[in-house]
Amino acid sequence: MGSLAFFSAEERPLDIQPLANRLVRLDISESNRVLACVVAQSSLFEQIMARQFDDPHLLVLRETVLRGSTKEVTIGEDSVLRLQGRLCVPNVDVLRETILDEAHNS
């Protein structure tokens, strides 16, 4: 669930730098208006994203995508490797066990 707030620059001055530093996505398409939304991600997503570069098989797959040799695997704007839209979870350390534990406890 999210919420959206809109403030006209004439009605309410807004210091946007602290917002930009706190994972708030800003769209400044007009000089007197700012659209802001908070982006929340799980720490597990952050771990998967960071550890994809530690898995040698995913590195090879990433190179394949960059060469344009596959359509099923993509690299998103967030630099995350996905197979048919699903996150590629690296096979490193205990990351997969952490995911399975979280799924089991949900």
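As the structure is a prediction and not an experimental result, all values here were calculated from the model.
- The environment of CD in Glu97 is crowded: more than 12 heavy-atom neighbours from other residues, nucleotides or ligands sit within 6.0 Å.
- Going from atom CG of Leu81 over to atom CD1 of Ile48 covers 12.0 Å, rounded to the nearest 0.5 Å.
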request  = Could you walk me through whether Thr74 and Val65 pass the side-chain contact (heavy atoms from CB on, under 4.5 Å) test, one step at a time?
outcome  = CA-CA 6 Å; Thr74 60; Val65 172; 5.5 Å; no
task = Evaluate side-chain contact (heavy atoms from CB on, under 4.5 Å) for Leu44 paired with Leu95, printing each intermediate quantity in order.
result = CA-CA 9 Å; Leu44 188 55; Leu95 187 56; 4.1 Å; yes
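- Ser79 contributes no side-chain N or O that, together with a main-chain N or O of Ile75, makes up a donor-acceptor pair within less than 3.5 Å.
- Residue Pro90 comes nearest to Gln52 through the heavy atom pair CG-N, 3.8 Å, listed as atom of the first residue, atom of the second, then distance.
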task = Show the numbers, then the answer: is there a side-chain contact (heavy atoms from CB on, under 4.5 Å) between Leu58 and Phe53?
result = CA-CA 7 Å; Leu58 292 184; Phe53 294 94; over 6 Å; no
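- Looking only at distances, no side-chain donor or acceptor of Arg82 sits under 3.5 Å from a matching main-chain atom of Val73.
- Taking 4.5 Å as the limit, every side-chain heavy atom of Val89 sits out of range of all side-chain heavy atoms of Asp55.
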